[in-house]
Amino acid sequence: MFKPLIAAAFIAALAVPSALAAPAERLGRIDHRLTAAELRGDIPQGSRADHAEDRLDRFENRVDRRESRRDEAVDFGPRDVIEDHLDRAESRRDHREDRIDRRH
């Protein structure tokens, strides 16, 4: 029942007009949709769909880390440095959210 929901969210995120978005952004959109479905109660805690969402979260975190390392290796000025700081803060929030989600 939840596999079609996950598949639909995945396909919808990939078919979004902003197809040129970075892989981390696409994964973030998919994760956002799945998190919203989980908060609505469509995905019960401990279900197969919840475990699939958890695996997607972990994969998204790895992709985010790789992208952050690449971004931090290049400095295009003060705005780029600010963006790097904001990306790191977002990454910490994502990790915290994932840890809280896994506890439930």
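FYI, side chains are in, hydrogens and waters are out, and symmetry mates aren't considered; it's all heavy atoms of this structure.
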- Query: Nearest heavy-atom pair of Pro44 and Asp42: which atoms, and what distance?
  - Reply: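 Of all heavy-atom pairs spanning Pro44 and Asp42, the closest is CD-O, 3.6 Å.
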
Working to the nearest 0.5 angstrom, can you tell me the gap between [X] [atom1] and [Y] [atom2]?
| X | Y | atom1 | atom2 | answer |
| --- | --- | --- | --- | --- |
| Arg96 | Arg93 | CZ | CZ | 8.0 Å |
| Glu53 | Leu56 | CD | CG | 7.0 Å |
| His85 | Asp80 | NE2 | CG | 10.0 Å |
| Leu86 | Ser91 | CG | OG | 12.5 Å |
| Asp94 | Arg99 | CG | CZ | 11.0 Å |

- Query: Can you tell if the side chain of Asp87 reaches within under 4.5 Å of the side chain of Glu83, non-hydrogen atoms only?
  - Reply: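 The answer is yes, as the side chains (C-beta and beyond) meet within the 4.5 Å cut-off.
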
- Is there side-chain contact between His95 and Arg65, with heavy atoms separated by less than 4.5 Å?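 In short, these two side chains touch, coming nearer than 4.5 Å.
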
- Task: Sequence neighbours left out, what pairs pass salt bridge (charged side-chain N to carboxylate O under 4.0 Å, His left out) with at least one residue falling in residues 68-77?
- Result: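 Salt bridge (charged side-chain N to carboxylate O under 4.0 Å, His left out) check on residues 68-77 returns Glu72-Arg88.
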
- Message: I'd like to check the side chain to side chain contact (heavy atoms under 4.5 Å, CB included) partners of Glu97; sequence neighbours left out, ordered by chain and number.
- Response: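 Partners of Glu97 under the side chain to side chain contact (heavy atoms under 4.5 Å, CB included) test: Thr35.
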
